[in-house]
Amino acid sequence: MQLTQLLKLVLINITQNKVRTFLTTLGVIVGTATIFLVVAIGKGGEARVNEQYSKLNVGTIIVMGSHRGRIVDPLTKKDAELFLKSENIAQAFPILRGSGNITFNNYSTTGNFIAIQPEFQRSNNLTAQQGRSLDKEDEQKRNKAAVVGAELANTLTDGYPSEIVGQTISINNRRLTVVGIYNRVGDSGSGMSYDDAVFVPYSVGEKFLLGTRANPVINVQATSMDTVQAAISDITNILDETHRAGGADQFRILDAGSRLAAAQESARTMSLLLLAVAVVVLIVSGIGIMNVMFVTVKERTREIGTLKAIGAKKREILGQFLIEAVIISLTGGIIGVAAGFLALPVLSCFELTALPSLSGVLLGLIFSVVTGVFFGFYPAWKAADLSPLEALRYE
Amino acid sequence: MIYSSKYVIDANNIVKIYQNGSEELKVLDNVSIKVSKGDFMAILGPSGSGKSTLMNILGCLDLPTSGQYYLDGLDVLKASENELAEVRNKKIGFIFQKFNLLPRLTAMQNVMLPLLYRGVDEEEAGELAKEKLTILGLGARLHHRPNELSGGQQQRVAIARAIVGSPQLLLADEPTGNLDSKSSREVMEIFKELNQQGNTILIITHDAEVAGQVKKIVHIRDGKVYENN
């Protein structure tokens, strides 16, 4: 029999049993939609990580006091100067971080403030989108100036960030003048979002906002990506020298490159995990297909006998039932991908970034067809293997 | 292994033994039967006589325990599974007691099926199917499904399906067994006409009345055949 004829025969059987076909297809629809969405979520996650870290300088190393226990012997501005003696280190800035109530007009929020030396801005891609950034004069004269991160500016002004420039804000009831707003920079690599923080001159942070609670973090730039490890070991040696009481062990040294790699790795692990779930769904739906195909073969045993009596060969019966399984699963696959597309807006409600991709569509369709072939084969083989006589006698 | 023969069926010393536990059941005991081209023959026997087993063997649906069987000159017992499927497709037209039409196909699609399995293209198969159904008085029922047809009509569809591929042998297994007397008479008239046109017909039945309308009767009892003309 020609393939087109076999296909027609199968289509007649499928379309005349719509409920059965639909119920069989349902599992495949869910499985394929899951695969498609999982791939989309995975791609979305990776894209988000890459975007978050896109502005991150991989040569950045952060040295900070350990969170374990109290720091007896905090880092100082002097440590930063000592780090600069290493030939692997291009820059080292102490920064101070704190948090508290940030108030503008009558609006108040809890937020972070970061005290920096002006050079810090360049090496962290912080540029002013409105107003100006911090400069040497602010640092030397301890000007009570502040530059606000893009996101925080939005929050404080309820969407009209430009209103804040030139105005007074207060941090823990200490008043400062906003001189500018930074451009968006994304994740800083130090676990703190710069877009959500207020920046003040280092000297202001040290004397005016924090006082004795000042406990700096040192932001180090290695001379290049390749010298990051050497720079870390130099830093360790220097800290061992200068902080004899606890040595370098009491500090945490983080490098941005490893953080990026770790984030990418965890995004990948996540998508793999989800993919495994989707594959399990498809296997279950495959078992569903197999069950229905077995019932179908049983129901049509006499028909199979008749077909054999009028000359159907084994491979034609096998082909017929296999094509039936594949069409059912492929239909389910196509509907599943469509359902996946429809579900994308739902995902965004849960703040999941999902990026639909061709590879997700193909993976879903391939898996659905493979499921059909794999789980349809055994019932189809059973049908083909029936002796014509036994099949004809079957009641 | 084909030799030219005047017989459509040339079966010799056919033995069929069913093994039932340790018990051997000899269903066919050295049956020899010859059907010539153009014959119109009935194998008549009560149930349990072995006639169904004989029909299955003659129809290439089952193999004998021993013996020789040539169908239209072909040594059936040496044929492979695929070759047997081809034999059933080209040389034999089956007509069953329960019609055995495919319920989801229309009358015309049912009749086209043997031709499609032979590789004939759809258009030609459709033409031939339409022609046969029209001859059998079903020209207005081409696109009806079996459940929309009466028993007599269904059996006529089945006959159309059996003859559409011009086989050497029409093999009918109790063809009137599920029909009322009027439809039975109609079906037997169709057989007579087909035989007059040169078709070789073998009917297996337990009904003496049916057997009475053919040219030649072979009796079967307890696995043995007895001929009387």
Side-chain angles (χ1 to χ4, degrees), chain A residues 1-21 24 292-293 295-321 323-324 327-328 381-395, chain B residues 16 18 52-53 55-57 59-63 80-106 109-126 145-147 158 160-165 167 171 173:
Chain A
M1 188 181 267
Q2 294 162 5
L3 192 63
T4 49
Q5 300 305 327
L6 208 56
L7 213 63
K8 260 188 196 168
L9 193 61
V10 170
L11 284 177
I12 289 171
N13 281 330
I14 288 180
T15 51
Q16 297 221 0
N17 220 328
K18 291 194 186 71
V19 175
R20 179 194 74 104
T21 307
T24 320
V292 174
M293 291 303 292
V295 173
T296 307
V297 169
K298 267 262 178 298
E299 274 174 3
R300 294 202 212 143
T301 300
R302 256 165 60 92
E303 276 178 47
I304 294 165
T306 307
L307 291 177
K308 288 202 159 188
I310 64 173
K313 296 194 175 87
K314 208 170 180 170
R315 62 162 189 268
E316 286 164 324
I317 302 287
L318 181 73
Q320 181 185 328
F321 281 91
I323 289 173
E324 186 162 333
I327 287 184
I328 286 177
W381 176 255
K382 280 277 185 195
D385 206 32
L386 282 170
S387 109
L389 183 58
E390 295 298 319
L392 276 172
R393 278 185 184 164
Y394 184 84
E395 290 297 323
Chain B
K16 181 71 180 180
Y18 283 115
S52 291
T53 305
M55 124 116 200
N56 290 332
I57 289 170
C60 300
L61 295 169
D62 199 4
L63 293 172
S80 71
E81 202 175 334
N82 269 346
E83 283 166 340
L84 283 179
E86 247 168 72
V87 167
R88 291 193 293 262
N89 181 248
K90 290 182 179 159
K91 293 188 187 293
I92 305 172
F94 283 98
I95 295 143
F96 300 94
Q97 179 175 0
K98 290 177 181 167
F99 324 134
N100 286 32
L101 298 174
L102 296 177
R104 285 172 297 276
L105 300 186
T106 63
Q109 287 167 332
N110 264 290
V111 176
M112 286 162 69
L113 218 43
L115 295 176
L116 297 179
Y117 276 118
R118 204 181 282 191
V120 175
D121 68 59
E122 193 180 358
E123 202 174 327
E124 193 185 337
R145 298 220 163 70
N147 62 7
R161 181 178 66 186
I163 63 174
V164 75
L171 200 53
D173 181 15

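The analysis underlying the following values was restricted to heavy atoms, covering all of them including side chains, and did not include hydrogens, waters or symmetry mates. Protein chains get the first letters and strands the later ones, always in sequence-line order, with residue 1 at the start of each.
The two residues B:Tyr117 and A:Gly311 come nearest to each other via the heavy atoms CB-O, 4.2 Å. The minimum heavy-atom distance between A:Ala309 and B:Phe96, with the atom names listed, is CB-CZ, 3.8 Å. The two atoms that bring B:Ala85 and A:Ala312 nearest to each other are CB-O, 3.9 Å, heavy atoms only.
In the displayed structure, A:Lys314 atom NZ is contacted under 6.0 Å by more than 12 heavy atoms of other residues, nucleotides or ligands.
Counting heavy-atom pairs under 4.5 Å between each of B:Met112, B:Arg118, B:Lys98, B:Lys90 and chain A puts B:Lys98 at the top. Ranked by heavy-atom pairs under 4.5 Å with chain B, the first of A:Asn17, A:Thr306, A:Leu6, A:Thr15 is A:Thr306. If you tally non-hydrogen atom pairs under 4.5 Å between each of B:Ser52, B:Pro103, B:Pro167 and chain A, the highest count goes to B:Pro103.
Without hydrogens or angle criteria, B:Arg104 side chain to A:Ile12 main chain gives no donor-acceptor distance under 3.5 Å.
Within the 4.5 Å cutoff, no side-chain heavy atoms of A:Ile310 are placed close to those of B:Asn100. You'll find the side chain of B:Asn89 stays beyond 4.5 Å of the side chain of A:Lys313, heavy atoms only.
Looking at B:Val87, there are no atoms closer than 4.5 Å to chain A (heavy atoms on both sides), in backbone or side chain. The parts of A:Glu303 that come within reach of chain B are both its backbone and its side chain, each placing non-hydrogen atoms under 4.5 angstrom from that chain.
Here the CD-CZ distance, from B:Glu81 to A:Arg315, works out to 11.5 Å after rounding to the nearest 0.5 Å. The distance from atom CG of A:Leu392 to atom CG of B:Leu61, rounded to the nearest 0.5 Å, is 6.0 Å. For the atom pair A:Glu316 CD and B:Asn82 CG, the distance stands at 8.5 Å (nearest 0.5 Å).
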